[in-house]
Amino acid sequence: MKITLIAGARPNFMKIAPIIKAIRAASKEKSNISYRLVHTGQHYDDKLSKVFFEELEIPEPDVNLGAGSGTQAEQTARIMVEFERDLIRNPTDLVVVVGDVNSTMACTIVAKKLNTKVAHVEGGIRSWDMTMPEEINRMATDALADYFFTTSRVANDNLKNTGVSEDRIFFVGNTMIDSLLTNLVKIKRPEVWGKHRLEDKNYLVLTLHRPSNVDDFKKFETLINAIDESAGVPVIFPVHPRTKKNYDQLSIKPQFVVPTDPLSYLEFIYLVKNARGVITDSGGVQEETTVLGVPCLTLRNNTERPETVTMGTNEMIGDDIDALKNALANLKNGKWKTGETPELWDGKAAERIVNILEDMN
Ligand code: UD1
């Protein structure tokens, strides 16, 4: 079976790395799965792409479509035009997409219109928040995909509720967690550690890049001010390129918030693992903190990853500044739930996916 794997943006890379490793391991045992890796070029900065390929030992993509940035429609359209050309030249049995970025949806639409089957890794999760571009990507992808590799039973139910038959849904666990568990032995102390004399459990990590938190300058400034006023310990903030423009225009100079360039995967996980807590609006970070047992304060009103709240260390703070201050006070006083690891988030999801693909042959 020939598969085409799609990756476009930073959170995709941790999800495809273990799938490629599992395919390569199976091919040593005479598996008949071969793959071609397509990078859409949605993320192109070395710090958002190249460094992840190096650290996660992902082979060079077979092609980079060079789609780049733009409005939602511009970016999606560019990926579609380029991927259509590529797929016509390189037909495949199955296109495998991961996650919920624009590349995920764009390549799914193209593949289905060329009568090619699609498997969605991380299918079925829902925030039900239609203001998130990712929710639209998830819904459109899942409306078209043929097979679903899911991270939770809730995701299975979401799919079944939209009419997907059970034989197309495979609950396999979480490939992002495969990457996390494999790489824990390799994590690297980032430069900011020494520079700011960080100590275990005596600092926080902040990541913010959702349009709803960072594109509205007033809201962004209010959030940064509130965090800076109530943190009481250094808050290491690797600033996403999308967030940088507004960070550079803040009218106050934060005392506790320490901005840095985006970190590599191994550096970021080092920082998260040893932090007192993490403040974030990322989806993946909610999952990583749950598995690492690190408190997570999510600055969103909903999550497509509810198990990180019901079982894990995650708490939804929304944009309620008082709730944020209370949560930071609880964290300081050591009052936080401990949490458990969700079912099948055990580092073997990619292996399960490849076994299932082999059975489809
Ligand atoms: C995208 C995903 C989001 C994911 C995030 C992780 C969508 C809709 N969003 O959001 O789900 O959580 O990636 O980072 O797919 N930019 C650079 N260099 C780059 C890439 C982007 O400077 O290599 C800047 C550009 O100004 C660009 C902006 O970041 O316009 C946003 O990039 P884009 O890929 O559109 O979305 P993200 O916010 O990164």
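Below, all heavy atoms of this structure are taken into account, side chains as well, without hydrogens, waters or symmetry copies. When a ligand or atom number is given, it counts from 1 through the structure's own listing order.
Under the 30°/60° scheme for interplanar angles, the aromatic rings of Y270 and W193 are found to stand perpendicular.
Of all protein heavy atoms, the one closest to atom 22 (O) of ligand 1 is P241 CB, 3.1 Å. Looking only at protein heavy atoms, the nearest one to atom 13 (O) of ligand 1 is H43 CE1, 3.2 Å. The nearest heavy-atom contact from the protein to atom 35 (O) of ligand 1 is Q75 NE2, 3.5 Å. Looking at atom 9 (N) of ligand 1, its nearest protein heavy atom turns out to be E134 OE2, 3.4 Å. Counting protein heavy atoms only, atom 29 (O) of ligand 1 is closest to R242 N, 3.8 Å. Counting only heavy atoms of the protein, atom 2 (C) of ligand 1 lies nearest to V101 CG1, 3.7 Å. Counting only heavy atoms of the protein, atom 30 (O) of ligand 1 lies nearest to S69 CB, 3.5 Å. Nearest protein heavy-atom contact of atom 12 (O) of ligand 1 is H209 NE2, 2.8 Å.
Proximity of N246 to Q249: side-chain heavy atoms (C-beta onward) are separated by under 4.5 Å at one or more points. Looking only at side-chain heavy atoms (C-beta outward), M130 and I136 come within less than 4.5 Å of each other.
Using a 3.5 Å distance cut-off with no hydrogens or angles, the side chains of S69 and Y44 do pair a donor with an acceptor. In this model, no donor atom of one side chain and acceptor atom of the other lie less than 3.5 Å apart for N102 and Q42. Side-chain atoms of N137 and T104 form no donor-acceptor pair, as typed in the model, at a separation below 3.5 Å.
Counting the atoms of ligand 1 from 1 in the order shown, those under 4.0 Å from a heavy atom of L48 are 19 (C), 20 (C), 23 (O).
Checking side-chain atoms of R10 against main-chain N and O of L48 turns up no donor-acceptor pair under 3.5 Å.
Comment: K15 does not engage D100 in a salt bridge, judged by the lack of any side-chain N to carboxylate O separation of less than 4.0 angstrom.
A salt bridge (charged side-chain N to carboxylate O under 4.0 Å, His left out) check over residues 181-197, counting only residues at least two apart or in different chains, returns the pairs E55-K188, E57-K186.
Some N or O of N102 is nearer than 3.5 Å to an N or O of ligand 1, by distance alone. Ligand 1 has no nitrogen or oxygen under 3.5 angstrom from a nitrogen or oxygen of N137.
Residue P211 does not touch ligand 1, judged by heavy-atom distances below 4.0 Å.
Counting protein heavy atoms under 4.0 angstrom from atom 26 (O) of ligand 1 gives zero.
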